[in-house]
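The structure appears below as structure tokens.
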Amino acid sequence: MTTRSGSAKYEGLGKSGKGHVSTQSGVLSDSPYGFNTRFESEPGTNPEELIAAAHASCFTMALSFALAEAGFSAGTLETSAKVTLVQADGGFTITRSDLDLTATIDGISADQFEEIAAGAKANCPVSKLLNAEITLTHRLNG
């Protein structure tokens, strides 16, 4: 079992508050976040982009391992994720994560690639965590 941690501190309340987020690895260390980084264009991060990065990286790694397990040994995978936050019923909900993948895998058919990619989308740990619609579009090169 693996356990990883992150932490957040928020000083002040509401729109005027300012937060800082850190990760166990130190990749994020007191990185700023708050209303202005989430809903406007102030520099810093926000929960949705962190979830998008986590989902893109988790799916891409799961797909890489699934392709290797299927006997493929060469290729490149590039994934972006867009996480959608909507306001409804007096609060906010993350309703979807849209994965967009570009792949170059030597010797794979389009059908086999689609099947393996769909399995990775369904089974990566972050996909399993999200209570949201998850879509996947992909392009397979050469």
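One is the number of the first residue; the rest follow in order along the sequence. Computed from a predicted model, the values in this text were never measured in an experiment.
By the criterion of side-chain heavy atoms lying less than 4.5 angstrom apart, applied directly or through intervening Ile, Leu, Val, Met, Phe, Trp or Tyr residues, I51 is grouped together with F92 in one hydrophobic cluster. Cluster annotation: I116 and L77 are assigned to the same hydrophobic cluster (Ile/Leu/Val/Met/Phe/Trp/Tyr, side-chain heavy-atom contacts under 4.5 Å, transitive). Hydrophobic clustering (side-chain heavy atoms under 4.5 Å, transitive across Ile, Leu, Val, Met, Phe, Trp, Tyr) groups F72 together with F59. M61 and L63 fall into different hydrophobic clusters, defined by Ile, Leu, Val, Met, Phe, Trp and Tyr side-chain heavy atoms under 4.5 Å apart, directly or through other members.
Between E78 and L101, the closest side-chain pair of non-hydrogen atoms is not below 4.5 Å. At least one side-chain heavy atom of N141 sits under 4.5 Å from a side-chain heavy atom of T102. Residues K121 and L99 are in side-chain contact: their nearest non-hydrogen atoms beyond the backbone lie under 4.5 Å apart.
For CD of E69, the number of neighbouring non-hydrogen atoms (other residues, nucleotides, ligands) closer than 6.0 Å is 12 at most. The number of heavy-atom neighbours closer than 6.0 Å to CD of E42, taken from other residues, nucleotides and ligands shown, is above 12. Within 6.0 Å of CZ in F65 there are 12 or fewer heavy atoms belonging to other residues, nucleotides or ligands. Around CG of N131, the count of heavy atoms belonging to other residues, nucleotides or ligands within 6.0 Å does not exceed 12.
Residues F113 and H138 place their aromatic rings such that the two centres sit under 6.0 Å apart.
Taking each heavy atom of T23 and V27 in turn, the nearest pair found is OG1-N, 3.4 Å. Taking each heavy atom of K15 and F35 in turn, the nearest pair found is CE-CZ, 3.6 Å.
Looking only at atom types and distance, the side chain of T137 has a donor-acceptor partner in the side chain of D100 under 3.5 Å away.
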